[in-house]
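Structure first, commentary second.
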Amino acid sequence: MFSQQDSVYMTQALRLAEKGLYTTTPNPRVGAVIVKDGGVVGSGWHEKAGGPHAEINALASAGGAARGADLYVTLEPCNHHGRTPPCTDALIQAGISRVVVAMEDPNPLVSGSGIAQLEAAGIKVECGLLEEEALELNCGFAFRMRLGRPWIRLKVAASLDGRTALENGVSQWITGDAARRDGHRLRARSCAILTGIGTVQVDDPMLTVREVETSRQPLKILLDSHMRLPEYAKILGGELLVVAASQDVGKKANLEALGAEVVYLSDGNGKVDLARLMCDLAERGINELLVEAGAGVNGALLKSGLVDEIVFYLAPHILGHKAKGMFNFPVLERMEKRYGLNIADIRMVGRDVRIVARCDV
């Protein structure tokens with residue numbers, strides 16, 4: 001169905017889409033390449049929400065050469081009015097003759113109807129080329145559209161014996177500079193970063209992107225059931241969402257005076273309702289959520305089935321059995337109850353090992 005040359009051009013489109021890795025939220029990352037007479041005559045990518053889509057930028061690059069050309073695009077062209085006009089109308093008007101799509105748009109407003117409109121206009125459409133690669137680039141957007149929650153990625157820095165901090169709570173720094181920079185790249189691609197009040201009290205993190213260039217900072221989310229956040233905490237400043245489980249008008253007013261937004265999402269047992277929180281975040285347009293928290297929050301998310309990926313940074317150190325672990329959850333009595341993971345990637349980052357594992361579904 002697809003030629004080797006088709007794969008070459010779609011790969012180029014995927015590389016273009018990656019340029020929007022840190023900037024397109026809440027929109028997907030999309031790249032487009034226009035080819036005519038065996039050569040690229042135009043290309044573009046979606047740079048940020050509210051700006052032109054990848055197809056429109058590619059058409060502007062190609063000009064009149066787009067007539068009779070092939071378009072390679074990593075996501076099905078939209079056919080509805082959002083912040084921008086439909087891309088399908090522009091493609092039809094430009095005279096594109098063939099469209100090769102990596103993946104169908106999971107957005108129910110599009111989801112096949114963009115392809116149908118192009119085909120009704122006489123344009124040949126082929127879908128599914130390098131689909132897995134395109135989905136990987138937009139795993140969060142697809143999850144939000146299909147499941148109504150973000151893609152949830154846990155980041156854990158630990159010693160080789162799986163310890164994240166000393167018994168006294170000291171954890172800086174377990175991993176090296178290269179691993180920390182890599183972690184900031186995870187922050188930069190995320191729509192939001194979540195932590196718990198325990199981590200704030202011990203480590204006082206800023207939760208900002210500092211080691212890589214980015215034009216935006218992710219939303220910061222704090223699980224703080226009883227609103228214990230101190231007014232001097234470094235997490236304050238920028239967009240901060242405090243999620244509480246108990247209502248206290250005075251504490252809420254104090255946090256709001258410090259610039260935080262406060263929401264109540266109780267599970268009825270004095271804890272934050274994590275499933276409701278994820279639905280709330282999806283409604284806010286959060287595609288990818290990065291969790292940088294302690295064993296309590298990590299364990300609670302894992303037990304709730306709210307972890308899709310874990311990125312482990314393992315440093316060549318041993319901290320011993322009294323040091324703090326990665327996950328808190330009840331003791332397992334049978335091996336059948338263990339939490340299954342699928343290893344997606346292993347590589348060295350500086351002197352540390354990075355393991356990317358996906359949770360069983």
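Heads up: numbering here begins at 1 and tracks the sequence.
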Go through the steps to decide whether L281 and L289 satisfy the test side-chain contact (heavy atoms from CB on, under 4.5 Å), and finish with yes or no.
CA-CA 9 Å; L281 295 182; L289 175 66; 4.0 Å; yes
Considering only residues two or more places apart or on different chains, which pairs with a residue in residues 215-243 satisfy side-chain hydrogen bond (donor to acceptor under 3.5 Å, both in side chains)?
H226-S246
With heavy-atom distances below 4.5 Å as the criterion, would you say the side chains of T175 and R180 are in contact?
yes
With heavy-atom distances below 4.5 Å as the criterion, would you say the side chains of R149 and I152 are in contact?
yes
Just by modelled atom types, is the P205 backbone N or O under 3.5 Å from a matching donor or acceptor in the D203 side chain?
no
Looking at S7, is its backbone amide N or carbonyl O close enough to the side chain of T11 to form a donor-acceptor pair, meaning the two atoms are under 3.5 Å apart?
yes
Within a reach of under 6.0 Å around CG of D37, are more than 12 heavy atoms found that belong to other residues, nucleotides or ligands?
no
Step-by-step side-chain contact (heavy atoms from CB on, under 4.5 Å) determination, W151 to R153:
CA-CA 6 Å; W151 176 269; R153 177 183 290 119; 3.6 Å; yes
Reported CZ-to-CG distance for the pair R351 and D177, which is rounded to 0.5 angstrom:
11.5 Å
Is any side-chain heavy atom of I318 less than 4.5 Å from a side-chain heavy atom of L160?
yes
Checking T24 now: which residues fulfil side-chain hydrogen bond (donor to acceptor under 3.5 Å, both in side chains) with it, not counting sequence neighbours?
none
Go through the structure and list residues passing side-chain contact (heavy atoms from CB on, under 4.5 Å) with N138, not counting sequence neighbours.
P28, R29, F141
Side-chain touch L241/V263, heavy atoms, less than 4.5 angstrom:
yes
Would you tabulate the side-chain donor-acceptor contacts of residues 104-115 under 3.5 Å, counting partners in other chains and residues two or more places apart, or write 'none'?
from : atom 1 : to   : atom 2 : distance (Å)
E104 : OE2    : S111 : OG     : 3.4
D105 : OD1    : N107 : N      : 2.8
N107 : OD1    : L109 : N      : 3.0
S113 : OG     : N79  : OD1    : 3.2
S113 : OG     : N79  : ND2    : 3.2
S113 : OG     : V110 : O      : 2.5

Please tell me whether T88 and Q117 have a donor and an acceptor in their side chains that are separated by less than 3.5 angstrom.
yes
Please name the residue in the list L137, L75, L14 that meets the side-chain contact (heavy atoms from CB on, under 4.5 Å) test with V30.
L75
D267 side chain vs N269 backbone, donor-acceptor pair below 3.5 Å:
yes
Please check: side-chain N/O of N287 versus main-chain N/O of P26, any donor-acceptor pairing under 3.5 Å?
yes
Using side-chain contact (heavy atoms from CB on, under 4.5 Å), reason through C139 and E288 one step at a time and then give a plain yes or no.
CA-CA 8 Å; C139 55; E288 295 183 23; 4.1 Å; yes
Assign the ring pair H46 / H53 to parallel, tilted or perpendicular, where the plane angle (0 to 90°) is split at 30° and 60°.
perpendicular
Is the number of heavy atoms from other residues, nucleotides or ligands under 6.0 Å of Q93 CD greater than 12?
no
What I'd like to find out is whether the side chain of L223 reaches to under 4.5 Å of the side chain of L277, using heavy atoms alone.
yes
One pair to check against side-chain contact (heavy atoms from CB on, under 4.5 Å): E256 and V262. What are the steps and the verdict?
CA-CA 7 Å; E256 290 175 339; V262 180; 4.3 Å; yes
Counterpart residues, ring pair (Phe, Tyr, Trp, His ring centres under 6.0 Å), relative to Y339 (two or more places apart)
F329
For a 4.5 angstrom cut-off between non-hydrogen side-chain atoms, does V243 reach L222?
no
With the side chain counted from C-beta on, respond yes when S97 and D70 share a heavy-atom pair under 4.5 Å apart, and no when they do not.
yes
Mind checking ring pair (Phe, Tyr, Trp, His ring centres under 6.0 Å) for Y22 and listing every partner two or more places apart, or none if nothing turns up?
none
